[in-house]
Amino acid sequence: MQDNIVVKKSMINKNTFQKILALGALIILTAAFSIASPNFASKNNIVSILLATAVNGVLAIGVTFVIITGGIDLSIGTSMTFASVMIGVAVTFLGLPVWVGVMVGLAAGAMVGFVSGVCVSKLKLPPFIATLGMMMITKGLSLIISGTKPIYFLDAPVFSKISTGELLGIPFAVYIMFGVALIAHIILNKTILGRYTFAIGSNEEATRLSGINVDKWKIAIYILNGVFVGLAGVLMASRLNSAHPALGQGYELDAIAAVVIGGTSMSGGKGTIAGTLIGAFIMSVLINGLRMLSVPQEWQTVVTGIIVIVAVFSDIVRRKKASRV
Amino acid sequence: MGESIVVMKEIEKRFPGVHALNQCQIELKTGEVHALVGENGAGKSTLMKVLTGVFKKDSGTILYRGREVEILNPKMAQDLGICIIHQELNLMPDLTIAENIFIGRETRKIVRCFLNDEIINRESKKILETMNVKLDVKTKVENLTVAQQQMIEIAKALSFNSKVLIMDEPTAALTESEIKELFRIIKDLKAKGVSIVYISHRMGELKQICDRVTVMRDGKYIATRDLKQVTIGDIIHMMVGREIYGSEIQKPYKGNNQVILKVKNLNRKKLIKNVSFELRKGEILGFAGLMGAGRTEVARAVFGADKKDSGKIYLNGKEVEINSPQNAVKHGIGYLSEDRKQYGVILGLDVETNTVMADWGNYLKKFGWVNKDKVCKNAKKQIDLLKIKTPSEKQLLLNLSGGNQQKVVIGKWLTRQCDILIFDEPTRGIDVGAKSEIYKLLNYLSKQGKSIIVISSELPEILRLSHRIVVMCEGRKTGELSIENASQHKIMELATSKS
């Protein structure tokens, strides 16, 4: 027993390794693009990268919670659209104040999260299938409710300021994203919800046997994710000053890619908000940079796919090394 | 040892088609270590699950400290002070030690949703100190050894102020020195008045650590005895209703000395250091050693499952290069993993499909159609030969007992006509009755001219099976004994000699 007491410190470092790797990749990418394209590092471009990250970043932060529990949410892209359509209904159709519209958006997201959570926990559906269903449902509902036409927020000019209003030359949406990241970080690391998020992802059965109502907490986590989705819907609609019912699909994949690049394990139990944020930035820097270098959009998508595979592969290699010690 | 703390009487439990507990009883006294034994399926776990509220009893009474109690769920059992430590540890590897111990009982700050980990860290540290376990409570559990994780489970149970602790096969995955440590903790707990139910297949341990033993068979209570007044033989007799265990040892090797397999200077990282040995025709070669001695690693390297750094392998005098399991199988080497369910059988498939799994090529007709008749005939042959207990060759593996699953794995390699069979812990998780059948089978195979390597952590098993014994310690071969001059004592000495 005596000689077993030594716990390998090196392994703990390996867990932070991925984060450093991701951050390093972000810095190298930024440096490389700055050299290759003189306009890349301009203030305007940096602001546009930050702004482009906001929606994906908020979505990715939300879904990080779900992925840490070992689940997945494919509905976040279309749920975001659903939320923005509901804002449109509240603000434009019903003429309610903007703040009520925002609340409606958050509530719509939370509602979808609640349904997904119930399907996953109470009905025992695999998260992949449950949220695939929710993806289709929310997509259909958005089209039905909006009458398949975009809803414009022409009567409420304040609404568009949520995203595009500026402070010190930086759009509000960017501040919101960083604020959300900070809140999410605190929830994940300092609260009971965060502790159970890790516990469920780490060993769901053991968590259940410890007398924890796993179903309840899972639903709570999906609702939390839904609130972030709703917020992304607010940012999206406000930035476009309209709710486009046909938009949204595909956003879930970008968000999940950002989470994975950020080092969160798809098998659950491991992940950080900082990592997810870095992952989201890697994706938008990459896309922006490639656009600056006039790489066609089709190829941008191909490169993003390669990055996802490389990121997951590096995670697997790292895991193997850790288990071999 | 004081008065009764738990009394279970006339416990009945039926599952669809199974009478799992039939008028079962057990009485546990304060501060005793009470062994609960029985073959697999005897109802030990079911009885304990009734006590811990996992299953609801159909009828019967449970007295706790003289009062009748209804235990409806695990939480109620916990509140009463009854805790179970499962064979599969129930920890969350991504959380720290303290977080695991206090999962579900986190201490909060004034704003209730925020955690206050200082208190649970301090309390966990206190508990570990009383157990004399030196670990940092902020270590993540994934970085601990199995033995350390078990200590954490015990610490968790103690944090509930448990008066009754149930341990299900606690030593199954521990090394000798870790077992000693566990026994020290059990003795400490006992001295503090904690009562322990100790479920184990390892008869040798009972005498060391337990005061009394209750034997179960087929869901029925058989007897409770003072361990000082019974022999292991008696207990086994009660378990199976017939004498089978004893202290038999293998007879000397009587083959023709033809060397079938020769391994020379095998090396792999720090795991295998310069290991050489020979295996003769019709011989059973035992590999003894403590857990982590490198026995499985040697087997896997010989089988081509792991890459070796250096070393030579000769088959029938000719040097061969084995660099993948496919390659090894081609050379007639079969490997029966210790983790049967993960590597040995496909639980969702039937017996006949499993038996031809390693030899599909010979069971196909033209254009790749399966030759069903031939597959079925082979399965029937193996079922007869190995005495596999199954209603038919179409039975799914998951419906067979552990012992019979193991026989199907053997049947698989016999179908492939392997001449060298490597058994890694062939009787792990198999009950005593099925064990002796596996022993008979191995002897039969060796008489048929098969050469067999057996890796086992149970010394009686090694002595009972092997013609010759290779002892390993920390990656090195520390000795080789023929059965004539082997004894548990000698093997243990070699297994702990570090050089």
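Reminder, nothing fancy here: chain letters follow the sequence lines and each chain counts from 1.
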| field | Region of I192(A) that comes under 4.5 Å of a non-hydrogen atom in chain B | value |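 Both backbone and side chain of I192(A) come within 4.5 Å of chain B.
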
| Per-residue contact mode, K156(B) against chain A (heavy atom under 4.5 angstrom) |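 It is the side chain, since no backbone atom gets that close.
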
| Using non-hydrogen atoms only, which part of N116(B) is less than 4.5 Å away from chain A: side chain, backbone, both, or neither? |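 Contact with chain A: none, neither part.
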
| task | Measure the CG-CD distance between N203(A) and E142(B) for me, rounded to the nearest 0.5 Å. | result |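 Reported value, rounded in 0.5 Å steps: 12.5 Å.
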
Heavy atoms of other groups near [X] [atom1], more than 12 under 6.0 Å:
| X | atom1 | answer |
| --- | --- | --- |
| F160(B) | CZ | yes |
| E70(B) | CD | no |
| M111(A) | CE | no |

| According to the ring pair (Phe, Tyr, Trp, His ring centres under 6.0 Å) rule, which pairs have a member within residues 187-216 of chain A, sequence neighbours left out? |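 Passing the test, one end in residues 187-216 of chain A: Y196(A)-W217(A).
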
| query | Would you say the side chain of I186(A) lies within less than 4.5 Å of the side chain of F114(B), judging by non-hydrogen atoms? | reply |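 Yes, side chains in contact.
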
| message | Measuring only between side-chain heavy atoms, which start at C-beta, is K190(A) closer than 4.5 Å to L115(B)? | response |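 A side-chain contact under 4.5 Å is absent here.
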
| said: So which atom in A206(A) and which in M92(B) form the shortest heavy-atom distance, rounded to 0.1 Å? | reply: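 It is CB-CE, 4.1 Å.
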
| query | Relative to chain A, which of V54(B), D94(B), I103(B) shows the most heavy atom pairs under 4.5 Å? | reply |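 Highest number of pairs under 4.5 Å: D94(B).
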
| query | For residues 109-128 of chain A, which residue pairs qualify under side chain to side chain donor-acceptor pair (under 3.5 Å), counting only residues two or more places apart or in two chains? | reply |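 Not a single pair qualifies under side chain to side chain donor-acceptor pair (under 3.5 Å).
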
| What option among E204(A), E205(A), R195(A) has the most heavy-atom pairs under 4.5 Å with chain B? |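 If we count pairs closer than 4.5 Å to chain B, R195(A) comes out on top.
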
